[in-house]
Every structure is written in structure tokens, then in C-alpha cells.
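Notes follow once the structure below has been shown.
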Amino acid sequence: MPAVMDEARIERSLARIAHEILERNRDLSNVALVGIRTRGVVIAERIAAVLREVADVTLPVGSLDITLYRDDYMRHPVGPQPLVRSTDIRFSVEGKRILLVDDVLYTGRTIRAALDAIIDYGRPRSIQLIVLVDRGHRELPIKADYVGKNLPTSPTQSVQVRLQEIDGRDGVELEEGA
């Protein structure tokens, strides 16, 4: 498995994204981060930590489970039942600028499901998308506002994001095979 990003590269990418957030959102008083479970939450928390350090601002961070909003689970009702985790958004999304965070952007279907889920919590002023890796191959017209790394892949490859908090190490790897 070739390593695409190591710990230092991930850290630099998240720091750059945090600085881009500061440039594009001069007033952060009405901004919140929402990470898509599981790794998007960790990335959102890390970005929030960088923003605390460099701009002395504390943004609320929420976690979003999109399992029941996915279109692939609804198409295959027979088979293993999806594992539903909790959504934890302890702030109103109404009128806020939401920074939606995920680890990998691929077809766009996860993001579509996340948009539906957020709208169920209220009507945000806007939603900006942050991803650590954009691998292409979109099936829906979705584009990230902030990208750690653009990584062209073939449809048979997969991108594996490993984060210390979940996997015991940081790294992004490209795997061959379907």
C-alpha cells in the first residue's frame, strides 16, 4: 500500500485548511464544524484545535451520523442491518455557517446524505465542505470548498484514511483492487 500522506502531511494540510477558513470567513462568530462519523469528526476536532491555537477562537463541533440518510441502505433492505451511531449537535444550525467535514470525497453520495441530515436540524445560512482527500469520480454535482489533497484514483482503487484517535496512527494510503 503506497502511503499518500503521512502524519506530518496530514497535519500541514489541516493547518492550511484552517488558515483558508480564516481567510474565507472573516467573522467566525456564527460558524460551526460538523464532522461526518467517524473520521470526519476527528478531522473537524483537529481543525477546531488549530483555529483555537492560531486565531484564539473556539468553534462548536458536532458529529453527524448519516446512516439512515444513505440511498444505498434504502435500496437493499434485506441483508446486514446498518450500524446506526449517534448524531451529537449541541447547537442550533439555524442561520449558522456550517463547515461540513469528511475524510474522503468520492461519489458525493455521503455528502448528499449529510446535507439531508443537517437540513433536518434546521436551515443553516450556508454549508461549506471540507475533505482531507478528494479522489474524484463524482456521481453527483458536489465540490469541496477546502481540500487537503486532490488524489486522482481509478474506480478500482480505494483510499484508506488512518487517524491516531481511531486507528493508532496517521496516514492516507491508496489500495489496489475492487
Side-chain angles (χ1 to χ4, degrees), residues 1-21 23-24 33-47 62-85 87 97-120 124 126-167 169-178:
M1 265 182 295
V4 177
M5 295 175 82
D6 61 10
E7 180 179 355
R9 180 78 189 266
I10 290 172
E11 191 173 306
R12 281 192 309 273
S13 294
L14 297 181
R16 179 178 40 78
I17 287 169
H19 283 89
E20 289 176 15
I21 290 167
E23 289 172 15
R24 293 186 199 178
L33 289 152
V34 175
I36 299 173
R37 288 210 181 268
T38 297
R39 286 169 181 78
V41 176
V42 173
I43 294 167
E45 289 168 345
R46 288 187 185 187
I47 291 170
S63 62
L64 187 65
D65 179 61
I66 56 135
T67 304
L68 298 177
Y69 292 87
R70 293 181 55 101
D71 57 7
D72 53 352
Y73 288 135
M74 297 304 125
R75 298 188 70 187
H76 306 288
V78 178
Q81 294 302 305
L83 176 61
V84 179
R85 295 185 180 94
T87 289
R97 283 180 284 152
I98 300 295
L99 303 178
L100 181 63
V101 185
D102 202 7
D103 57 350
V104 178
L105 178 55
Y106 181 35
T107 63
R109 293 188 180 277
T110 296
I111 303 308
R112 185 218 46 88
L115 294 171
D116 287 348
I118 287 174
I119 298 301
D120 277 355
S126 66
I127 299 174
Q128 298 173 23
L129 179 59
I130 300 169
V131 296
L132 181 60
V133 177
D134 183 345
R135 61 171 291 194
H137 304 285
R138 223 69 82 237
E139 295 175 2
L140 300 171
I142 290 174
K143 182 179 185 293
D145 298 284
Y146 309 92
V147 178
K149 178 163 183 64
N150 285 296
L151 181 63
T153 62
S154 77
T156 61
Q157 294 174 311
S158 70
V159 175
Q160 299 301 317
V161 174
R162 313 269 189 236
L163 298 173
Q164 180 69 38
E165 296 87 336
I166 298 166
D167 307 297
R169 65 184 172 90
D170 280 354
V172 175
E173 296 157 353
L174 189 59
E175 292 182 354
E176 298 295 329

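Numbers here simply count residues along the sequence, with the first being 1.
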Q. What side chain to side chain donor-acceptor pair (under 3.5 Å) pairs are there with at least one residue in residues 134-144, not counting sequence neighbours?
A.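 Pairs touching residues 134-144 that pass the test: Arg109-Glu139, Asp134-Arg138, Arg135-Thr153, His137-Thr153.
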Q: Check whether any side-chain heavy atom of Leu174 lies under 4.5 Å from a side-chain heavy atom of Val159, and answer yes or no.
A: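 Yes, close enough: below the 4.5 Å cut-off.
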Q.
Under the criterion side chain to side chain donor-acceptor pair (under 3.5 Å), I'd like the reasoning laid out for Ser158 against Gln160: C-alpha separation, chi angles, the key distance, then a yes or no.
A. CA-CA 6 Å; Ser158 70; Gln160 299 301 317; 3.3 Å; yes
Distance, nearest 0.5 Å, that separates [atom1] of [X] from [atom2] of [Y]:
| X | Y | atom1 | atom2 | result |
| --- | --- | --- | --- | --- |
| Arg46 | Glu165 | CZ | CD | 4.0 Å |
| Asp145 | Ile130 | CG | CD1 | 8.5 Å |
| Tyr146 | Ile47 | OH | CD1 | 9.5 Å |
| Ile127 | Ile118 | CD1 | CD1 | 4.5 Å |
| Ile111 | Asp116 | CD1 | CG | 11.5 Å |
| Ile21 | Arg16 | CD1 | CZ | 11.0 Å |

(Q) Taking side-chain contact (heavy atoms from CB on, under 4.5 Å) as the definition, give me every residue that meets it alongside Lys149, ordered by chain and number, with sequence neighbours left out. (A)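 If we apply the side-chain contact (heavy atoms from CB on, under 4.5 Å) test to Lys149, skipping adjacent residues, the hits are Val4, Met5, Arg9, Leu151.
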Which heavy atom in [X] sits nearest to a heavy atom in [Y], and how many Å separate them?
| X | Y | answer |
| --- | --- | --- |
| Ser63 | Val41 | CB-CG2, 3.4 Å |
| Ser13 | Gly148 | OG-O, 3.6 Å |
| Ala117 | Ile66 | CB-CG2, 4.5 Å |
| Leu100 | Leu64 | CD1-CD2, 4.3 Å |

